[in-house]
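Take a look at the structure below.
Since the structure is predicted, the reported quantities are computational estimates derived from the model, not experimental observations.
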Amino acid sequence: MIESSSIDILNSLKSFLQQYCSQEIDEIRLEFPNRRSLDVDIALLASYNRELASMLIDNPDSIIREADNALASILNLDKSYRFHVRFYNQNIYRPLVQDVGTEYLEKLITLDALVVKRSEVLSKVRIANVRCTKAGCSYRAEIDLDYDELPEKCPLCNSRIAIQEDHSSKIDMQRIAIQDPLEVLKGNVPNWQLTVVLEDDLVNSVLPGDRIEVTGVLKAAMIDKRRNRSIRSKDIVYAMYLKAVSLIHKQKDFASLQITKSDEEKIKDLAKDPNIIDKIVNSIAASVYGYREIKTAVALQLFGGNSNKSLIDNSPVRSDIHILLIGDPGSAKTRILQSVAALVPKGIYVSGKSVTAGGLTAVAEKDEFSEGGWTLKAGALVLGNGGLVCIDEFDKISDEDRSALHEAMESQTISVAKAGIVANFSAKTSILAAANPKYGRFDPNKYPADQYDIPPTLLSRFDLIFPIRDLMDEQLDRNIAEHITLQHKISAENNGLITDQLYNEQNKVSKPEIDRELLRKYIAYARRNIFPALTEEARGRIVSYYTTLRKLGKNMNTTPITPRQLEGLIRLSEASAKARLSNKVEISDVERAISLLDYVLRQVAIDKEGRIDIDIISTNMPKERVSKINIIKSIISSMEKKEGGAAKIDDVIKAAGEQGISTDEVNRLLLELEKGGEIYKPRVGYIKLVEYRDE
């Protein structure tokens, strides 16, 4: 039985550390001063003395102080440094961040959290050297501000005291803000964020977007009423913060999604079904009628490719799949995005109308969180690391903000360089985006890429692009109307509940074949444990498909596919295998991926002569257009030589018409050439090629 005196506690802790942690203490001696902290499992302390462990959890300040003193006494090193015992694995108080309240004040708690922002490093007075300001008074004292209250007046003469800055001991301090992980929130908005104070060697140990398990003492600080005018003058209000004791980095992919043995058995039984992928597809956005190809693509996107590989030169390989939906108004794009964001274990939904570059990627800015200094804040792609970000109204994002996506979509990193702050964030996130055509609705007479208000450099980052056209088809319209009205009817009749009656009534509505919570765990299990590799047969099929398309393009003078689409095909094939919980990519997986890619290419990459040309999307300059531009430039050049000056526009239109180019198209291409600075009008009705001369 331990007495509560500090001497007994100090001796007991010293004995515990010497008995159970001698090897780690020797390592600190060897690595000092770079290492000054000792990690201690609370379960180990409990096995030594359960009462001491209980005191640590319910009265942490005194125990932690004595533990630090015990470690310093054992090491007997330079006393100008501070040594820390960092206790972890606390299993008594483990609330959600949003549930942290006054009942946990002054207790040791552990939080599983996501870091959302980080302040710059500040300097904090730890041991204050105070003196009396009155002449002739000799009062001087060192006050440990971590544990002792700073006296307001001199105990000898009752006059004011002052801190001697030059003689006080200081340590580094940093604030971070944390919230509950996305998989815990299940698509809901976090109720609040909690400030965590890091000190000494914990400083700069995390970045926004990191998943951590932080153990610390919950504290309260009085709010400055001058800054917060909403607080009445008579109210005494405190803000809670966590003073960190230890910090552990966690696996980022769905670390909070617990999968029990029973869940694992259900998942493996489900994977044995030969129609498992069809069942997954039928469970995605079941309230939306049709769109079989889109739902199949989204199903594969949820699983992603093999994330456990790199190229022969150790270059990273993107495993996440990006999908873009561009459709006429009212085509259920938003409904699909919101449904998927709620389904995926780690999903975020944002709208392009209100999002900024910082809200999407990351930003460094000055604010009160860092006492007027610089704060690093994580955006949606950083917070969604390892999950899926749904971006609605993608075409409404400003050009400046959209440019920040290039690095995030291809290399899956986000770099911030501002005011001397250089930081690199991980953004291994799949993007499911939705946009509207540039002119409101699709024009069947124009190339799809001409109707996307999105730069080709960004379009080319998407693995699959689906145009959604609102076609007038009587049977399709009837099916959609039946699907929607039946859901509303049954839901209203059952006070908002969707019952099995809905799915049994003439089979007009497809029931999600897998329960949402089980599907979330199925996806998480596959992403954690399944890393498929191409079989030789599957690899051969991909090579054959790629070379066949390239050969066809060579014969037709187009570029139907590039290595970028080839890598996308591999990702889709791997995702199909993961959806089956298979570590081998079979022919059937490749065929499913080829079917999707073929569908997309024939929707968005067909020129007016019926040829597949990926340049329609990747450069907005299909071979057909390039050929016509070259014909027109050749006509202008020939006329310039013949006439000895500029070419007459009417003659150019007539000559181009003889080669099959319509008047409207000639005028449009001439306008493009003029805007691009390749031709100019020396006088009305005439055009001339711009000559470039080497200086």
On a heavy-atom basis, the closest approach of Leu337 and Ala433 is CD2-C, 4.5 Å

Return the NZ to CG distance between Lys521 and Asp515, rounded to the nearest 0.5 Å. 9.5 Å

Please confirm whether the backbone N or O of Ile561 pairs with a side-chain atom of Arg550, one donor and one acceptor, at under 3.5 Å? yes

Would you say the side chain of His249 lies within less than 4.5 Å of the side chain of Val206, judging by non-hydrogen atoms? yes

Looking only at heavy atoms, the pair that brings Ile321 and Gly304 closest together is CD1-CA, 4.3 Å

Quick one: are the ring centres of Phe303 and Tyr525 less than 6.0 Å apart? no

Can you tell me how far apart CG (Leu597) and CD1 (Ile594) are? Round to the nearest 0.5 Å. 8.0 Å

Taking Lys578's backbone N and O only, do any of them form a donor-acceptor pair with Arg527's side chain (distance below 3.5 Å, no angle check)? no

Does the side chain to side chain donor-acceptor pair (under 3.5 Å) test come out yes or no for Asp392 and Thr334, once each step is laid out? CA-CA 7 Å; Asp392 204 357; Thr334 299; 2.5 Å; yes

Start with the C-alpha distance between Asp598 and Tyr545, add both sets of side-chain angles, then the distance that settles side-chain contact (heavy atoms from CB on, under 4.5 Å), and finish with yes or no. CA-CA 10 Å; Asp598 264 343; Tyr545 174 77; 2.8 Å; yes

Between Glu293 and Tyr599, is there a donor-acceptor pair closer than 3.5 Å when you use the side chain of the first and the backbone of the second? no

Is it true that the side chains of Asn385 and Lys346 contain a donor and an acceptor less than 3.5 Å apart? no

When you compare the side chain of Arg118 with that of Arg175, does any pair of heavy atoms fall below 4.5 Å? no

How far apart are the closest heavy atoms of Ala427 and Ile414, and which atoms are they? CB-CD1, 3.8 Å

Under a 3.5 Å distance rule, please check whether Lys377 uses its side chain to pair with a backbone N or O of Ala362 as donor and acceptor. no

Find the distance between OH (Tyr291) and NZ (Lys333) and round it off to the nearest 0.5 Å. 8.0 Å

Atom pair CD1 (Ile284) and CD (Gln301), whose distance is rounded to the nearest 0.5 Å: 9.5 Å

Is the shortest side-chain N to carboxylate O distance from Arg564 to Glu410 below 4.0 Å? yes

Donor-acceptor pair, Glu513 side chain versus Ser283 backbone, under 3.5 Å? no

Please tell me if the side chains of Asp99 and Asp180 come closer than 4.5 Å, counting only heavy atoms from C-beta onward. no

Can you list everything that forms a side chain to side chain contact (heavy atoms under 4.5 Å, CB included) with Ala297? Sequence neighbours excluded, please. Ile323, Leu464, Phe466, Leu596

Donor-acceptor contact below 3.5 Å, side chain Asn667 vs main chain Thr663: yes

Within-4.5 Å side-chain heavy-atom neighbours: Ile178 and Ile212: yes

Evaluate the side-chain contact (heavy atoms from CB on, under 4.5 Å) criterion for residues Ile326 and Asn436: first the C-alpha distance (whole Å), next the side-chain angles of each, then the deciding distance (0.1 Å), finally the verdict. CA-CA 5 Å; Ile326 298 188; Asn436 293 317; over 6 Å; no

Tell me whether Lys681 at atom NZ has more than 12 heavy atoms from other residues, nucleotides or ligands lying less than 6.0 Å away. no

Any donor and acceptor pair, going by atom type alone, linking the side chain of Lys428 with main-chain N or O of Asp320 inside 3.5 Å? no

From the options Arg571, Arg592, Glu591, select the one residue that forms a side-chain hydrogen bond (donor to acceptor under 3.5 Å, both in side chains) with Ser576. Arg592

Shortest non-hydrogen pair, Ala579 vs Tyr522, comes out as O-OH, 2.6 Å

Closest heavy-atom pair, Lys295 versus Ala285, reported as atoms and distance to 0.1 Å, is NZ-O, 3.1 Å

Give the intermediate values and the outcome of side-chain contact (heavy atoms from CB on, under 4.5 Å) for residues Phe425 and Thr361. CA-CA 9 Å; Phe425 302 88; Thr361 54; over 6 Å; no

Side chain to side chain donor-acceptor pair (under 3.5 Å), that's the test. Do Thr457 and His406 meet it? Break it down for me. CA-CA 8 Å; Thr457 52; His406 286 84; 3.1 Å; yes

Regarding Lys250 and Asp112, does a basic nitrogen lie under 4.0 Å from an acidic carboxylate oxygen? yes

Using a 3.5 Å distance criterion without hydrogens, assess whether the side chain of Ser573 forms a donor-acceptor pair with backbone atoms of Ala593. no

Is Thr429 close to Leu388 at the side-chain level, that is, under 4.5 Å between some pair of heavy atoms? no

Sole candidate of Leu432, Leu459, Leu458 that passes side chain to side chain contact (heavy atoms under 4.5 Å, CB included) when paired with Leu324: Leu459

Closest non-hydrogen atoms of Asp589 and Ala577, given as atom of the first, atom of the second and distance, are OD1-N, 3.5 Å

Taking atom types as modelled, is there a side-chain donor on Thr562 or Gln565 under 3.5 Å from an acceptor on the other? yes

Hey, are the side chains of Ile397 and Leu360 touching, using non-hydrogen atoms and a 4.5 Å cut-off? yes

Between Leu673 and Lys633, is a side-chain contact (heavy atoms from CB on, under 4.5 Å) present by the stated rule, with each step listed? CA-CA 9 Å; Leu673 288 171; Lys633 290 172 71 174; 4.1 Å; yes

Do Asn306 and Glu574 get their side chains close enough for a donor-acceptor pair, meaning under 3.5 Å? no

Do Leu207 and Val382 have side chains that approach each other closer than 4.5 Å (heavy atoms only, starting at C-beta)? no

Side-chain heavy-atom pair Leu302, Leu343 within 4.5 angstrom cut-off: yes

Contacts of Glu120 that satisfy salt bridge (charged side-chain N to carboxylate O under 4.0 Å, His left out) - sequence neighbours left out: none

Which distance, rounded to the nearest 0.5 Å, do you find between the CD1 of Ile468 and the CD1 of Ile336? 5.5 Å

Value for CG (Leu669) from CD1 (Ile679), rounded to nearest 0.5 Å, stands at 9.5 Å

Counting only N and O atoms by type, is there a donor-acceptor contact under 3.5 Å from the side chain of His322 to the main-chain atoms of Met409? yes

Under the side chain to side chain donor-acceptor pair (under 3.5 Å) criterion, do Glu407 and Thr413 qualify, and how do the steps go? CA-CA 6 Å; Glu407 178 190 0; Thr413 59; 2.9 Å; yes

Residues Arg318 and Asp463 bridged, charged N to O under 4.0 Å: yes

Arg292/Asp278 ion pair, N-O < 4.0 Å: yes

